[in-house]
Colleague: 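First the structure, which I've put down as structure tokens, then a few questions once you've had a look.
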Amino acid sequence: MTITSLTTPPAGEPAASRDPRRVTGPAILLGAIVLTAAGVIAACSVGPSASDGSALRPGVPAFESPLPIPPLAESRVVDGTRVFSLTADEGTMEFVDGVSTPTWGFNGDYLGPTLRAARGERVAVEVTNRLPETTTVHWHGMHLPAAMDGGPHQPIEPDGGWRPTWRIDQPAATLWYHPHPHGATEEHVVRGLAGMFILDDADSGAHGLPSQYGVDDIPLVVQDTKLQADGEFELDSQGNEVGLLGNMILTNGAWGAVLDVTTELVRLRILNGSSARTYDFAFDDLREFALVGTDGGLLEAPHPTDHVRLSPGERAEIVVRLDPGSQTMLRSRPPDLGDVAVPFAYGGTDEHDVLLLRAAAALQPSAQLAERFSTIERHTASEADYERTFDVQNREINGRRMDMGRAEVMQVGSTELWNVTNRDLFPHNWHVHDVQFQVLDIDGDPPPPELMGWKDTIYLEPRRQYRIMMRFEDYADDENPYMIHCHLLLHEDEGLMTQFVVSERGPRSDAETVGSDGHAH
């Protein structure tokens with residue numbers, strides 16, 4: 001594996017001289033031409049039908065179907081290890097009455113069960129692949145050894161298996177799992193391979209947070225999709241620069257779902273499981289709710305708000321209050337995508353109803369939500385042992401596409417500060433495997449409250465610099481890398497990804513390689 005630095009500035013230009021918001025004239029001109037064309041195409045493709053008439057015209061959902069609750073995965077404890085089993089297989093669903101859609105799922109036709117484990121537990125997952133293609137299973141948001149991460153370096157062949165094992169060593173959080181095969185992630189996720197992985201810790205039952213799974217603690221996997229006239233998934237991005245934007249919103253695999261609420265407070269664990277679409281979740285009556293957690297766990301305190309933006313891969317935990325006999329619609333209002341060109345081409349003007357919440361005539365009382373949950377020790381720039389710059393543009397990171405044989409090297413035990421900038425004029429986001437990070441600032445300004453917690457994925461508004469910090473605490477391994485990539489899955493598949501190893505030896509120069517003996521040569 002070639003070990004290289006992605007932080008080297010262009011020849012003859014000192015790193016300190018680069019303006020993170022600078023976009024060259026030719027880049028703007030080319031981007032405008034490409035994006036305008038993409039916008040015209042997208043305008044035809046994200047409505048109720050494709051321009052060639054091949055897409056299914058689903059109409060408007062009635063919101064009468066009970067919300068499916070993913071079952072908690074069964075497990076057994078063997079020699080102190082909690083063992084789960086997942087089988088990826090083909091299935092069939094009727095998202096629209098009378099229309100059969102071939103699907104993929106874990107332990108079922110579509111999506112997968114919710115895995116649940118506690119901090120300090122050792123877990124193992126026995127994965128079996130019954131699909132006709134090689135796949136992987138990545139534990140998104142999990143801190144674990146690189147060999148267990150489930151990225152493109154851990155393929156599972158058809159009729160093959162894989163048994164990763166690790167100890168849960170992070171706070172309570174809402175994580176998820178999904179495939180990560182190099183070049184095919186979008187298709188595998190769109191077909192239905194995804195599920196939640198909830199972590200608990202000693203404080204999980206505290207703070208007045210609703211905690212009865214499936215009763216007042218509800219997982220929501222939100223995805224957009226588009227079906228062809230024969231019921232097959234549309235897998236072609238149809239020229240859209242960000243990937244496919246669907247015309248149906250599925251919640252836990254149901255289109256037009258309703259949640260019958262029986263308690264005063266409801267905790268919704270929302271996952272943006274879409275491949276390209278960014279949502280701005282709110283309620284139709286603009287009621288206020290409490291944002292209590294993000295990717296890596298609880299915030300320091302509940303943040304009162306009336307909306308939360310989530311790009312693909314991000315999660316948010318919210319707590320909302322309902323009155324007896326009332327109802328409210330969880331919906332996605334037009335998301336603020338930042339300074340993008342032709343926002344409508346990327347879903348920036350789209351509105352979607354997601355889930356109807358319908359309260360019973362009498363509701364069980366809920367505990368009062370705590371005013372404060374914990375203290376998050378904030379990183380400061382002065383703590384950084386190393387600083388890196390990552391420019392995202394043209395399906396490349398620092399001018400390079402993904403190479404399975406090239407990796408950054410991070411020093412185990414070190415703290416790093418990264419300067420991340422989206423130089424394109426269309427949406428990207430940024431996901432880092434293994435670690436949770438903090439957003440230090442955005443263009444020098446403090447992050448908003450929803451970005452003050454632990455994150456593993458953030459939306460990148462065009463031409464803004466995000467400074468993020470993380471610590472590579474342990475799991476040194478010179479052979480097995482972790483990934484860094486845009487979680488708009490078309491971008492990931494087309495090469496907007498790089499990788500890193502955590503090493504005892506620290507950062508390496510561009511010319512060194514790692515051999516099978518684990519030593520640099």
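From a predicted model like this one, the values you see are computed outputs, not experimental measurements.
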Colleague: Return the set of residues passing side-chain hydrogen bond (donor to acceptor under 3.5 Å, both in side chains) with T134 (not counting sequence neighbours), or none when no residue passes.
Modeller: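 Checked T134 against side-chain hydrogen bond (donor to acceptor under 3.5 Å, both in side chains); matches are E157.
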Colleague: Kindly list each side-chain donor-acceptor pair under 3.5 angstrom involving residues 190-199, sequence neighbours excluded, with atom names and distances?
Modeller:
from, atom 1, to, atom 2, distance (Å)
R191, NE, E187, OE2, 3.0
R191, NH2, E187, OE2, 3.1

Colleague: Does the pair E387/R467 count as a salt bridge with the N-to-O cut at 4.0 Å?
Modeller: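 Answer for the salt bridge query: no.
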Colleague: Is it true that F437 and H379 have ring centroids separated by less than 6.0 Å?
Modeller: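 No: the rings miss the under 6.0 Å criterion.
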Colleague: Give a yes or no on whether a salt bridge exists between D159 and R130, defined as a side-chain N under 4.0 angstrom from a carboxylate O.
Modeller: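 A salt bridge is present here (some side-chain N lies under 4.0 Å from a carboxylate O).
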Colleague: Quick one: list whatever passes side-chain hydrogen bond (donor to acceptor under 3.5 Å, both in side chains) with D236, sequence neighbours left out.
Modeller: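 Listed in chain order: nothing, the list is empty.
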Colleague: On a heavy-atom basis, which atom in A118 and which in I168 lie closest, and how many Å separate them?
Modeller: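 Heavy-atom minimum between the residues: O-CB, 3.5 Å.
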Colleague: Do you know which two heavy atoms are closest between R406 and R401, and how far apart they sit?
Modeller: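 Smallest heavy-atom distance, with atoms named: NH2-O, 2.8 Å.
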Colleague: Just jot down the side-chain hydrogen bond (donor to acceptor under 3.5 Å, both in side chains) partners of D280, sequence neighbours excluded, or say none.
Modeller: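 Result, side-chain hydrogen bond (donor to acceptor under 3.5 Å, both in side chains) vs D280: H307, R333.
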Colleague: I need the full list of salt bridge (Lys or Arg N to Asp or Glu O under 4.0 Å) pairs touching residues 484-496, with sequence neighbours left out, sorted by first then second residue.
Modeller: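 Passing the test, one end in residues 484-496: R395-E494.
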Colleague: Return the set of residues passing ring pair (Phe, Tyr, Trp, His ring centres under 6.0 Å) with Y279 (not counting sequence neighbours), or none when no residue passes.
Modeller: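 Counting only residues at least two positions away or on another chain, Y279 forms a ring pair (Phe, Tyr, Trp, His ring centres under 6.0 Å) with F281.
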Colleague: Under 6.0 Å between ring centres, would you say that holds for Y110 and F95?
Modeller: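 Close enough - the centres of the two rings lie under 6.0 Å apart.
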Colleague: Is the shortest distance from a Lys or Arg side-chain nitrogen in R309 or E314 to a carboxylate oxygen in the other one below 4.0 Å?
Modeller: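 Answer for the salt bridge query: no.
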Colleague: Going through the checks in order, is the ring-ring contact (aromatic ring centres under 6.0 Å, His included) test met by F500 and F472?
Modeller: CA-CA 11 Å; F500 66 93; F472 298 96; 5.4 Å; yes
